[in-house]
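Each residue takes its place number in the sequence, starting with 1.
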Amino acid sequence: MRMSSLPLRWIAEHPENPVDRNAWFAQVPAVRQLLETGLEFGPLTVFVGENGAGKSTIVEAIAAAYGLNPEGGTHNARYSTFASESPLESHLQIARGAGVARKGVFLRAETMHSHFGYLYKIESEDNGPLGRHNYQSHGESFLEYLGARDGIRGLWVFDEPESALSFTNSLGLLAQMLELARAGSQVILSTHSPVLASLPGADVYELGEWGMRRTRYDDLQIVDSWRRFLAEPQRYLRHLE
């Protein structure tokens, strides 16, 4: 295994706290593969797959094992509204880069609204800047949140952020991810978006019934499906009539 100064070098099942293989999350092929073989990380990692393939389960567990709040936020965020995450993180062992600060950010599109509420309350008490809930769009709030924290050097984990973003803003997020990596941070992303999956220089993993496999962007099923649909929408839409 190569040495690394990245915030997260690798992750594997903890030898002293193995997972019961009958647990529901251990039945997911990609999760089972992670437990059996572990995974080594580079500066940029993308997980792609259908609903239920294990993307969110894995990135949630990575973020929590690293010490980030499972519901999202920076390494300083400490709040909980409804615990929906699997207990996978408690069964994982991680290796950090030597001398790297334990800072990071976990961005989950599905919980960002409640996280903004948490920040609003904190800022109200501190007389800080207010108003993220007053933006015209959730996507604007999402990108503003990221931009205000892009000085944090550490592990950045994104769980399906495309739900908040337009096509143009998705390109903007790609640019911000690349800038984070250039500045020394590490990015791990789960996505359904063929735009975000194109993150330049990333290690791309496709999750499915086979487990988890390293692949090329052009070989991803979602890329092929979107290309076919955009080339001939009626070919698919006629089946809805």
Quick one: does His192's side chain have a donor or acceptor within less than 3.5 Å of a partner on Val48's backbone?
-> no
How about Gln221: does its CD atom have over 12 heavy atoms from other parts shown lying under 6.0 Å from it?
-> no
How long is the gap from CG on Asn69 to CZ on Arg108, to the nearest 0.5 Å?
-> 9.5 Å
Would you indicate whether the side-chain heavy atoms of Leu178 and Leu44 approach each other to under 4.5 Å?
-> yes
Heavy-atom pair with the smallest gap, counting every atom of Ser86 and Thr57 = OG-CG2, 3.7 Å
Can you find a pair of side-chain heavy atoms, one from Leu143 and one from Leu165, that are under 4.5 Å apart?
-> yes
Can you measure from OH (Tyr66) to CG (Leu92) and round to the nearest 0.5 angstrom?
-> 15.0 Å
OG-CG distance between Ser56 and Asn51, expressed to the nearest 0.5 angstrom | 8.5 Å
Please check if atom CH2 in Trp210 has more than 12 non-hydrogen atoms from other residues, nucleotides or ligands closer than 6.0 Å.
-> yes
Measuring from Ile58:CD1 to Thr45:OG1, what's the distance to the nearest 0.5 Å?
-> 11.5 Å
Applying side-chain contact (heavy atoms from CB on, under 4.5 Å), run through Leu155 and Arg96 and close with a yes or a no.
-> CA-CA 10 Å; Leu155 179 66; Arg96 302 174 187 270; over 6 Å; no
Would you say Ser170's side chain and Ser166's backbone share a donor-acceptor pair under 3.5 angstrom?
-> yes
Listed partners of Arg213 passing salt bridge (Lys or Arg N to Asp or Glu O under 4.0 Å), at least two apart = Glu206
Approximate separation, where rounding is to 0.5 Å, of Glu232 CD and Arg238 CZ | 7.0 Å
Is there a side-chain contact between Tyr145 and Val105 (heavy atoms, below 4.5 Å)?
-> yes
Between Trp156 and Phe158, what is the ring plane arrangement, given parallel below 30°, perpendicular above 60°, and tilted in between?
-> parallel
Look only at the side chain of Tyr217 and the backbone of Pro194, and say whether a donor-acceptor pair between them is shorter than 3.5 Å.
-> yes
Between Ser5 and Val100, what is the shortest heavy-atom contact and its length?
-> O-CG2, 2.8 Å
Is it true that Arg21 and Glu13 make a salt bridge, defined as a side-chain N closer than 4.0 Å to a carboxylate O?
-> yes
Atom CZ in Arg32, atom CZ in Phe25: separation rounded to 0.5 Å?
-> 12.5 Å
So, do Ser190 and Val59 sit near enough that their side-chain heavy atoms are less than 4.5 Å apart?
-> yes
Where is the tightest heavy-atom contact between Ala53 and Val28, given as atom of each residue plus distance?
-> O-CG1, 3.4 Å
Gln93, CD atom: more than 12 neighbouring heavy atoms under 6.0 Å = yes
Test log, rule side-chain contact (heavy atoms from CB on, under 4.5 Å), inputs Ile152 and Leu180 | CA-CA 9 Å; Ile152 295 175; Leu180 287 170; over 6 Å; no
Is it true that a side-chain atom of Gln33 and a backbone atom of Met212 form a donor plus acceptor pair closer than 3.5 Å?
-> yes
Main-chain N/O of Glu60 paired with Asp159 side-chain donor or acceptor, under 3.5 Å = no
Evaluate side-chain contact (heavy atoms from CB on, under 4.5 Å) for Leu174 paired with Ser198, printing each intermediate quantity in order.
-> CA-CA 8 Å; Leu174 283 180; Ser198 70; 3.7 Å; yes
Non-hydrogen side-chain atoms of Met177 and Leu199 separated by less than 4.5 Å | yes
Is Glu162 reaching over with its side chain to a backbone N or O of Thr191, donor-acceptor style, under 3.5 angstrom?
-> no
Can you name the nearest heavy-atom pair linking Pro70 to Phe106, along with the distance?
-> O-CE2, 3.2 Å
Asp218 versus Arg227: any side-chain heavy-atom pair under 4.5 Å?
-> yes
Ala202 and Val46 have their tightest heavy-atom pair at CB-CG2, 3.7 Å
Taking Lys103 for the side chain and Gly154 for the main chain, is one N or O donor matched with an acceptor at less than 3.5 Å?
-> no
Decide yes or no on side-chain contact (heavy atoms from CB on, under 4.5 Å) for Phe41 and Ile188, but give the supporting numbers first.
-> CA-CA 9 Å; Phe41 292 92; Ile188 297 175; 3.8 Å; yes
Considering non-hydrogen atoms only, spot the tightest contact between Ala65 and Ile94 and give its length.
-> O-CD1, 3.6 Å
